[in-house]
Amino acid sequence: MDVLYSALTVALAPDAIVAVVVGTFVGLVFGSIPGLTFTVALALVLPVTFSLAATPAIGLLLGTYIGGMTGGSVSAILLGIPGTPSSAATVIDGYQLTKRGKASLALGTAVIVSCFGGLVSLVVMIVSVDVVARIALHFGPVEIFALVLFGLSTICGLSEKSLVRGLIAGVIGLMLMTIGLDEMEGVQRLTFGTITLQQGVNLIVAMIALFAVPHVIAAFADYYHSEKSAVGASDVSVELPSLRTLKENFWLMVRCAFIGTGIGAVPGTGGPIAAFLAYAHARRSSKDRERFGKGALAGVVAPETANNAVTGGAMIPLLSLGIPGDPATALVLSGLLIHGLVPGPMLFIQHTGDIYAIYITIIVAYLAVLAIQLLGIRFFVQILRVPAHLLAVAIIVMCGFGAYAIRNSVFDVYTMGILGVLAYGLMRARIPLTPVVLGLVLGPTLEREFRTAIILSEGDMTTFFSSVTAVIFYLMAIGVIALHFVGQAREARAEKLKTKQQQQEEAV
């Protein structure tokens with residue numbers, strides 16, 4: 001009890017609270033601007049922690065991490081551009097809600113479920129840090145490959161009405177991610193002898209191109225033809241989700257929180273995978289699947305709950321084993337080591353007070369996110385009052401700066417433009433863009449774990465079926481694909497029956 005009281009005193013000290021709030025605000029700003037992800041924000045604030053005490057320093061880093069994960073939803077919902085890779089799934093229904101004049105509802109729902117998912121993952125982390133860490137350690141290359149393959153099976157659910165178009169989009173994403181130097185062997189792939197292509201296509205640059213540039217082109221096209229753009233919104237009043245709405249989605253939030261926590265606890269996965277898996281789960285479990293992709297609130301609830309639950313899940317292997325799951329948690333690990341907090345089993349014995357302080361800091365960070373976001377919604381939605389063609393100019397300039405800032409490369413700006421024009425062409429051809437993003441996000445992990453498993457097994461392909469966990473994921477992927485075809489067959493029969501009835505009524 002004395003340790004808990006001491007941790008409360010340290011974590012709730014004015015300097016610690018100020019550090020958390022500042023970090024949260026910085027994370028929200030960087031997360032909401034396409035290209036300036038919270039990983040960049042963490043890299044910038046890390047040197048600041050050198051001169052701070054341990055608790056404020058960790059609070060600054062955790063606030064930036066949590067705020068950045070939540071901030072990506074702002075641009076995803078308002079502009080249709082994911083601020084972070086983790087918010088890519090939120091674009092699908094979040095931006096459609098904005099087009100229907102429900103931007104405030106989408107933003108309010110996103111921040112509330114984000115805090116819910118983060119706090120649930122914190123509870124799971126506290127009560128099961130050792131158990132979950134041990135389970136996560138059993139996920140080798142074969143298990144992660146099977147998990148990602150299961151994630152790719154969600155392309156079926158994101159293909160709208162044409163599975164062929166969805167598969168074409170997924171293959172395009174997988175092809176884009178292969179451009180550059182092979183990480184394992186250093187072989188050039190699809191570079192066509194061009195040195196600049198050796199650095200490959202950056203994920204953030206590709207996402208900016210796929211989501212931002214087509215909307216900019218469409219906005220200018222509409223303005224040229226004197227058409228009213230759908231981006232503008234006449235009603236930007238603040239509307240938060242009702243208790244009834246939250247109650248209806250409560251169990252979906254719980255399930256997605258556990259999905260995000262579980263995915264976050266597996267090193268090498270992260271927010272994008274959790275968000276897309278949660279979105280696919282929400283769509284499969286919904287009684288009204290047709291609403292997804294057209295502005296379903298559950299399409300915002302699921303990915304935002306899951307990607308924020310990843311924060312707590314990622315802290316499990318980080319604190320208990322010292323294994324960071326992604327670049328962001330690697331920077332948090334650096335902050336811990338700088339202040340003498342070495343992750344591992346002894347951390348919970350020798351620095352119990354610091355561990356409790358970290359738990360309290362995470363709670364404060366989510367409360368700060370909730371307060372800043374809810375207060376800021378009134379101002380965020382005012383961006384929708386800006387004429388679409390003027391907003392498009394600001395967006396393309398901001399995206400250009402963001403694309404350049406990632407690697408300080410003009411090549412990335414050119415890549416953004418070329419892929420953006422390609423994405424606009426795909427939109428006109430009614431090929432969905434979300435499977436392209438899914439291929440870009442999951443492709444590198446799928447390839448890396450496949451090749452690692454092959455190397456470790458010395459070319460024995462049966463290694464992919466040697467794990468019960470992997471086989472379960474394979475069966476789940478087959479089940480998802482089978483359910484998709486069954487659903488399509490039922491829809492086709494229903495449509496055929498409806499057409500037949502209409503013909504009979506017309507004949508009468």
Side-chain angles (χ1 to χ4, degrees), residues 66 69-70 72-73 76-77 86-87 89-90 92-94 97 105-133 135-136 147 150-151 154 157 240-266 269-289 291-292 296-317 325 359 362-363 365-367 369-370 373-374 472-473 476 479-480 483:
I66 292 169
M69 187 69 79
T70 309
S73 63
I77 291 170
S86 300
S87 59
T90 308
I92 303 172
D93 283 281
L97 285 167
L105 177 63
L107 286 171
T109 302
V111 64
I112 290 172
V113 301
S114 294
C115 293
F116 178 85
L119 293 176
V120 168
S121 70
L122 174 63
V123 173
V124 174
M125 177 178 70
I126 293 173
V127 300
S128 60
V129 62
D130 293 331
V131 176
V132 176
I135 294 174
L147 171 64
F150 169 62
T154 60
L240 298 177
S242 63
L243 291 175
R244 180 180 178 182
T245 301
L246 294 175
K247 185 178 179 180
E248 290 173 352
N249 290 282
F250 177 75
W251 290 113
L252 175 63
M253 291 158 59
V254 172
R255 295 194 301 271
C256 292
F258 278 99
I259 289 173
T261 305
I263 297 297
V266 179
T269 51
I273 295 176
F276 278 109
L277 285 177
Y279 183 87
H281 166 72
R283 189 178 185 279
R284 285 196 308 272
S285 60
S286 175
K287 296 179 181 178
D288 191 6
R289 299 181 184 179
R291 290 185 60 195
F292 281 78
L297 195 61
V300 174
V301 170
E304 284 302 307
T305 304
N307 65 27
N308 280 271
V310 166
T311 57
M315 295 298 290
I316 293 173
Y359 295 157
I362 293 174
I363 296 174
Y366 273 109
L367 292 177
V369 165
L370 185 63
Q373 286 272 64
L374 291 180
I472 291 173
F473 281 126
M476 290 171 65
V480 168
L483 286 173

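Note that the structure is predicted; figures quoted are calculated from it, not measured.
The shortest heavy-atom contact between Ala296 and Asp93 is N-OD1, 2.8 Å. A pairwise comparison of heavy atoms in Val300 and Ala110 identifies CG1-CB, 4.0 Å as the closest pair. Of all non-hydrogen atoms in Tyr359 and Leu122, the two that sit nearest each other are O-CD2, 3.8 Å. The shortest heavy-atom contact between Met125 and Ile362 is CE-CD1, 3.9 Å. Of all non-hydrogen atoms in Phe292 and Ala282, the two that sit nearest each other are CZ-O, 3.6 Å.
The closest donor-acceptor contact from the side chain of Asn308 to the backbone of Gly117 lies at 3.5 Å or more, if one exists at all. At least one donor-acceptor pair under 3.5 Å links the side chain of Ser242 to the backbone N or O of Thr245. Without hydrogens or angle criteria, Thr261 side chain to Ala257 main chain gives a donor-acceptor distance under 3.5 Å.
Contact check for Val310 versus Ser86: no side-chain heavy atoms found under the 4.5 Å cut-off. Using a 4.5 Å cut-off on side-chain heavy atoms (C-beta onward), Ile77 and Leu97 make no contact. Looking at Ser114 and Gln373, their side chains never come closer than 4.5 Å, going by heavy atoms from C-beta outward.
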### Query
Can you list the steps and then say if Val254 with Phe116 is a side chain to side chain contact (heavy atoms under 4.5 Å, CB included)?
CA-CA 9 Å; Val254 172; Phe116 178 85; 3.9 Å; yes
### Message
Could you go through Ser87 and Met69, starting from their C-alpha distance and side-chain angles, then the distance that decides it, and tell me whether this counts as side chain to side chain contact (heavy atoms under 4.5 Å, CB included)?
### Response
CA-CA 8 Å; Ser87 59; Met69 187 69 79; over 6 Å; no
### Task
Please report the C-alpha distance between Ser121 and Thr311 in whole Å, then the side-chain angles of each, then the deciding distance to 0.1 Å, and finally whether the side chain to side chain contact (heavy atoms under 4.5 Å, CB included) criterion is met.
CA-CA 7 Å; Ser121 70; Thr311 57; 4.3 Å; yes
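In the displayed structure, Phe258 atom CZ is contacted under 6.0 Å by at most 12 heavy atoms of other residues, nucleotides or ligands.
Leu119 pairs with exactly one of Ile363, Leu367, Leu370 by the side-chain contact (heavy atoms from CB on, under 4.5 Å) rule, that one being Ile363.
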